[in-house]
Every structure is written in C-alpha cells, then in structure tokens.
2 protein chains.
Amino acid sequence: MISRMALEHALLVALCEQPASGLELTKRFSRSIGYFWSATHQQIYRVLGRMDGDGWVSVSEVAQEGRPDKKVYAVTELGRAALADWLAQPTETQSLRSELALKMRAATWGDRGAVLDVVRTNLADHHARLERYEQLVARDYPDPSILTGLELDQYLVLHGGVLMERTWITWLTEYLEAHA
Amino acid sequence: MISRMALEHALLVALCEQPASGLELTKRFSRSIGYFWSATHQQIYRVLGRMDGDGWVSVSEVAQEGRPDKKVYAVTELGRAALADWLAQPTETQSLRSELALKMRAATWGDRGAVLDVVRTNLADHHARLERYEQLVARDYPDPSILTGLELDQYLVLHGGVLMERTWITWLTEYLEAHA
DNA sequence: GGCGGTGTTGCAACTCGTTGCATAGGTCGG
DNA sequence: CCGACCTATGCAACGAGTTGCAACACCGCC
C-alpha cells in the first residue's frame, strides 16, 4: 500500500501551517486546501481522533467567549516525522475519474441536449472557480517572483489550480462547439 | 444523492459500445475508458452481478475454444433507460483531490529534494501518458473534423485527456523550475 | 501424468468517505 | 422564557473501492 490515508496527511499539513480546531479545519478545507482536497466535518473529526490516538497531534481545550469551548489540535514531533516520511514516499499518478467525461462519451445513448446542459452547468462552475482563484492570486501573491518557501509552494499549487480550470474551460468549450 | 454509483453507469456505457465479459471489461477499463475511469476486476464482477440482479444487463454463457467459458453481458432495455436517466441528471463539479498537489504544498515540512523526486517521477508519467494519448489520436482519429456521433464523443474525451496531460506537464515543470 | 502459467470468475475483509442524525452550549428576538 | 439559529463536536449506517486470496478450467512442457 503506497498512498492510503491521505486525509491524515492533509490535516497534518494544515495543522503545520496553523494549529486549529475541527471546525476551523473544516472551514479551511472548504477554502484553500479544499481546492485540491475536500473533506466533511464528520470525517475530519473522526480522523483527528485517530491522529490523537496515534500521537500525531496534541489537543488542548480552549475556552471561548460567547461560544462553546473548542479543542485546538497541534502537530507533535511524531506527527512531523510521519509527515516527513509520507512526503518522501512515491505518489502514484492517478487517472482522471471524471463522471462528466463519462457522460460526454455516453451522450449517444441518451438525450444529447440534456448532456449538453450538464456540460454547460459544469463549464459555468469552472469559470466561477477560475475567477475565484485568479482573484486569490492577485490578492495574496501579486508578485510571485519574490516568493520563497511555504508561500512559494502555496502559490505554485494555487497556480496549478488556475491552469487546471483553464484546461477544463477549453475542453468543455470545445465539446460544446463540436455539438453546436 | 445526485451522482453516486457511477461504476454501474461506466459499465453501461462500455457495454452499450460493445457487449463483453467481465475480463474483457477489465481490460477495456485499463485502456480507453480507464483513462478517465478505473476499476479493478473484483469491483467489476461485483457490480455486474448487481446490475444483473437489477435487470440492467442480460447474461449469456459463451463457450470458448481452448479456454474456460465466459459470461457475456449485454445491456437490456431497462439498462438503457437507467443510463439515459443518469445522463440527464446534473453532475457536480468535483475538486482535484490530488495527493501530489498536497505534497507540493507541504514540501516545506519535509525533505524538499525527496518531494522534487516524487514530482519528477510523476512528470515522467504524465509525459508517457501524453505520448500514448497522442499516438491514439493519430492512429484512430487522424481527421477529427469528419467525425460524428459516438466517434466524435470518443475523440473529444480523448482529446480532453491530452489537454489535461499537457496541463500537468506545464504545472509540474513550473514547480521544478521554481525550485531549481 | 503432474506442474506451472494463464484465463476467468468470485468471496471476504478492509479502508475511505458520505449522509443522516444527535447532542450540547450559546446568542438573540419576541 | 421560548423558539430559532449558530457554533462545535460527534455517532451510526451506508456506499464504494481496494487488497488479498481462492477456485476452477484449460494449455503446454517435461
């Protein structure tokens, strides 16, 4: 088994960048890190519990004003070692696994107009994402050439998201034009 | 639930194009359809059994020379209806879910050289895939402008794979150059 | 005739992630 | 104070995919 249990590692990365509670992690996963790794709060809570059991993170209860207490998790030395170990292991190149591509290929066997509608909806979605990513780049990384270390990596990954969204837009637009 | 149980539908698509046995489907899924939807033979057999139970496919035992018998599956009218129904339903745009992107972002917390090696390995893999896809395009769809129907869809999806691989190559190359 | 290799099918256990629901503390408006 | 709503955490059941293993048939080789 080369690469399972990746959510653990995604959480380690997030907690290395900034210790947080389960809910804060959930919110962060629906933003920056979530752009290439999503997770629900239930899954996050479960995995945090397991990571605590494994000694990868330490927990501290934090009282808050006007809200319930929260548990803030921080990465331990053991967790950092696990992360470093995982980073050095190979990652298999995964295939696309795209339901939309499947539908595009299958359109002959159903209502093509309906499939085109599905494609249009997805295209609009990718346009929205691209715009969001580009705004983030403009706001947080106005001059990429000066970046180093963590910030550089964050920028490069975000930029990869931009490239991917542009490709989706190109692809889906071609499909729609071919069936116009 | 909008879009689960997609392997059923991937199999329906494959069987619409050509009836086949479990093993033939497995091979096909490691080729053309597998470029954007992968599955192991165990999963395929299990799902075929379920689809048979649901009346989506019919089975016929076929004797072979020099080999064990095989069960050839074909899509029934009920299966075609299920496929058409699924085609018309919306498909959520999924996020990337890329382990490699996670490692690129996390390189600060481990051995950067090791991460760069992982990236290089993946880059070589994407180069190989791109070459394979382009060979397929050149061999099977030398003149895309004349295609229609099923063949056009097949070409467009394969071409999308080409676009995706090129994007990965661009992305990973940028990452490596930024850390050169 | 036994032995290994390949084709073909399949079961069982496990992991991962989602969905639905539950609990408990707190704020705010009527 | 009651109800609606938000924050924060969590359980249980399920769906889906992977991994490991196994059974059986048929081939060719020694």
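Note that this is a predicted model, so its numbers are computed, not measured. A note on names: the letters A, B, ... follow the listed sequences, proteins ahead of strands, and every chain is numbered from 1.
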Taking only N and O in the side chain of [X], is any of them less than 4.0 Å away from OP1 or OP2 of [N]?
{"X": "B/K71", "N": "C/dG10", "result": "yes"}
{"X": "A/K27", "N": "D/dA8", "result": "yes"}
{"X": "A/Q43", "N": "C/dG17", "result": "yes"}
{"X": "B/R97", "N": "C/dG17", "result": "yes"}
{"X": "B/Y45", "N": "C/dT9", "result": "yes"}

Could you state the atom-to-atom distance from [atom1] of [X] to [atom2] of [N] in whole Å?
{"X": "A/E8", "N": "C/dC16", "atom1": "CD", "atom2": "P", "result": "6 Å"}
{"X": "B/E61", "N": "C/dT8", "atom1": "CD", "atom2": "P", "result": "13 Å"}
{"X": "B/H41", "N": "D/dG17", "atom1": "NE2", "atom2": "C1'", "result": "13 Å"}
{"X": "A/D54", "N": "C/dT15", "atom1": "CG", "atom2": "P", "result": "12 Å"}
{"X": "A/M51", "N": "C/dC16", "atom1": "CE", "atom2": "P", "result": "13 Å"}
{"X": "B/D69", "N": "D/dC26", "atom1": "CG", "atom2": "P", "result": "7 Å"}
{"X": "B/Q94", "N": "C/dC16", "atom1": "CD", "atom2": "P", "result": "20 Å"}
{"X": "B/D52", "N": "C/dG10", "atom1": "CG", "atom2": "C1'", "result": "14 Å"}

Taking A/E134 first and then A/R166, would you say they form a salt bridge - that is, a charged N and a carboxylate O separated by under 4.0 Å?
yes

Should B/K70 and B/E61 count as an ion pair when the cut-off is N to O under 4.0 Å?
no

Side-chain atoms of B/L23 come closest, of D/dG17, C/dT9, D/dT19, to C/dT9

I want to verify a distance call: between D/dT19, D/dG10, C/dT9, whose nearest atom is closest to the B/T40 side chain?
D/dT19

Does the base of C/dT9 carry an N or O that pairs as donor and acceptor with the side chain of B/R46 under 3.5 Å?
no

Looking only at side-chain N and O atoms, does B/K103 offer a donor or acceptor that is under 3.5 Å from a partner on A/T91?
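Distance-only check passes for A/T91 and B/K103.
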
Mutual orientation of the aromatic rings belonging to A/W171 and A/W168 [parallel < 30°, tilted 30-60°, perpendicular > 60°]
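Geometry flag for A/W168 against A/W171: parallel rings.
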
Do A/L11 and A/W56 make a side-chain contact, defined as non-hydrogen atoms from C-beta onward lying under 4.5 Å apart?
no

Residue mapping more 5' on DNA chain C - nearest nucleotide basis, A/Q42 or A/W37:
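The residue closer to the strand's 5' end, by nearest nucleotide, is A/W37.
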
